[in-house]
> 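Would you mind keeping the following structure in view while I ask a few things?
Lettering follows sequence order; numbering is per chain, from 1.
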Protein chains: 2
Amino acid sequence: MTPPMDAMQATLYPSETSRVMAVLLQIARALEKRLEEGLEMVDLSVAKYSAIKHLALAGEPLALSELASRMVCVRSNITQLMGRLETDGLVQRVEDPRDRRCVRAELTPLGRERHAAGAKRVRQVQDEMAETLCGLDCAVLERALAALK
Amino acid sequence: MTPPMDAMQATLYPSETSRVMAVLLQIARALEKRLEEGLEMVDLSVAKYSAIKHLALAGEPLALSELASRMVCVRSNITQLMGRLETDGLVQRVEDPRDRRCVRAELTPLGRERHAAGAKRVRQVQDEMAETLCGLDCAVLERALAALK
DNA sequence: GCCCTACTGTACATATATGAATGACCGCCC
DNA sequence: GGGCGGTCATTCATATATGTACAGTAGGGC
């Protein structure tokens, strides 16, 4: 589960902007919860799924730094996550003979299977959400996101 | 900082729903980051601000269970957060003579000041966001949120 | 060839969340 | 009035994030 944290969700500053921010944060929270619940059925967390998704997408072992970069998080986070993924048998660390600083993350066969199962669950959640989200204007949202970054 | 976790942010399932979900999650992430940065300037995290905001709103000491309920999180989280808030001198635990199971959280004078400072920062972030978010249709977002819950 | 800088992954401290288990306490029913 | 079930906060284990500090390695400039 991702944190709640409703700094915006209340009624202290009921301007329109405040309300929009609050609703956006709550929607994101609800979406993450759906994803978590879907992935939980195949023994994956959002973090773990994200990692094996990037590895599956890459099609080859990735340096942990590269994985951190693609997951938009710090390296020390990947160090920990890799530990849990190795414990689960989904990923293994492999040395890079060309650069001995490097450790690469490689999907195991089980990891590949699990990724497929997770992807199926994610697609299912998306299907369930389609009707709910179809009223939103994707282009407008994308413009907002671009302005926000 | 709130987790990144981009299960949806990629390109594997580029259906419209998937894209909308990805953008929503990224927008929320960016918003939280702005809030965190704003609150950081007054030595507050989003979690801490949320707690003292609820206490200020309530206008009286709240039982930790009640605070957990209002913050939509579990009690053990509040136990930890209260420890950090007490260390910061923003809040203190007070006993409830009428129910000795109860511990109530009471804002200190410093906590009240800090809440005011945090609220100012949050309003500032909202002002900065107003233009970016004004294109979004609040009513549509609210309908989506209602359907999601 | 050697040194300096930059990059790699990891270890550690910390913040934030969850859930399960525990012990204290309340209120009610008989 | 005594027991019993439910509620309270805390503790513990765990997952997920961050940032700092560190040791090892790579690689370029001299």
> Looking at every strand, decide which applies to A:Val74 at a 4.0 Å heavy-atom threshold: base, sugar-phosphate, or nothing.
base
> Roughly, in whole Å, what's the span from CE in A:Met71 to C1' in D:dA15?
13 Å
> Of A:Gln80 and A:Arg104, whose nearest nucleotide on DNA chain C comes first from the 5' end?
A:Arg104
> Counting the atoms with a prime plus P, OP1 and OP2 as sugar-phosphate, which does A:Thr79 contact under 4.0 Å by heavy atoms, base, sugar-phosphate, or nothing?
base
> Which nucleotide wins on minimum distance to the side chain of A:Ser76, given the candidates D:dT16, C:dC12, C:dA15?
C:dC12
> For A:Gly38, is there any backbone N or O sitting under 3.5 Å from a side-chain donor or acceptor partner on A:Gln124?
no
> From C-beta outward on A:Arg100, which listed nucleotide comes closest to its side chain: D:dT18, C:dG9, D:dA26?
D:dA26
> In the single-linkage hydrophobic clustering (I, L, V, M, F, W, Y; side-chain heavy atoms under 4.5 Å), do A:Val140 and B:Leu145 co-cluster?
yes
> Does D:dT10 have OP1 or OP2 sitting under 4.0 Å from an N or O in the side chain of B:Arg75?
no
> Who pairs with B:Arg101 by salt bridge (charged side-chain N to carboxylate O under 4.0 Å, His left out), at least two apart in sequence or on another chain?
B:Asp99
> Rounded to whole Å, how long is the line connecting atom CD of B:Glu37 with atom P of D:dG19?
10 Å
> Please report, rounded to the nearest Å, how far the P atom of D:dC8 is from the CG atom of B:Leu67.
13 Å
> Measure the distance from CD on B:Glu36 to C1' on C:dT16 and round it to the nearest whole Å.
11 Å
> Taking the side chain of A:Asn77 as its heavy atoms from C-beta onward, which of C:dT10, D:dT25, D:dT18 lies nearest to it?
D:dT18
> Given atom CD of B:Glu66 and atom P of D:dT7, what is their separation to the nearest angstrom?
14 Å
> Decide salt bridge (charged side-chain N to carboxylate O under 4.0 Å, His left out) for B:Arg104 and B:Glu60; before the verdict, give the C-alpha distance in whole Å, the side-chain angles of both, and the deciding distance to 0.1 Å.
CA-CA 9 Å; B:Arg104 306 189 99 90; B:Glu60 59 175 3; 5.6 Å; no
> Keeping the roles fixed (side chain from B:Thr108, backbone from B:Gly89), state whether a donor-acceptor pair exists under 3.5 Å.
yes
> Can you check whether B:Leu148's main-chain N or O pairs, donor with acceptor, with A:Arg34's side chain at less than 3.5 Å?
yes
> Please determine if a side-chain N or O atom of B:Arg93 lies less than 4.0 Å away from the OP1 or OP2 oxygen of D:dT10.
yes
> Rounded to the nearest 0.5 Å, how far does NE2 of B:His115 lie from NE2 of B:His54?
9.5 Å
> If I take atom CG in residue B:Asp96 and atom C1' in nucleotide C:dA24, what distance separates them, rounded to the nearest angstrom?
15 Å
> Can you name the atoms? Protein N/O to nucleotides 1-6 of chain D N/O, anything below 3.5 Å, with the distance.
residue	atom	partner	partner atom	Å
D:dG6	N2	B:Arg101	NH1	3.2

> When all nucleic acid strands are considered with a 4.0 Å heavy-atom cut-off, which category describes A:Ser45: base, sugar-phosphate, or nothing?
sugar-phosphate
> To the nearest Å, how far apart are B:Leu64 CG and D:dT11 P?
12 Å
> Taking A:Gly83's backbone N and O only, do any of them form a donor-acceptor pair with A:Thr87's side chain (distance below 3.5 Å, no angle check)?
yes
> Rounded off to whole Å, could you give me the CD-to-P distance for the B:Glu32 and D:dA17 pair?
13 Å
> So which one's nearest nucleotide on DNA chain D is more toward 5', A:Asp99 or B:Ser65?
B:Ser65
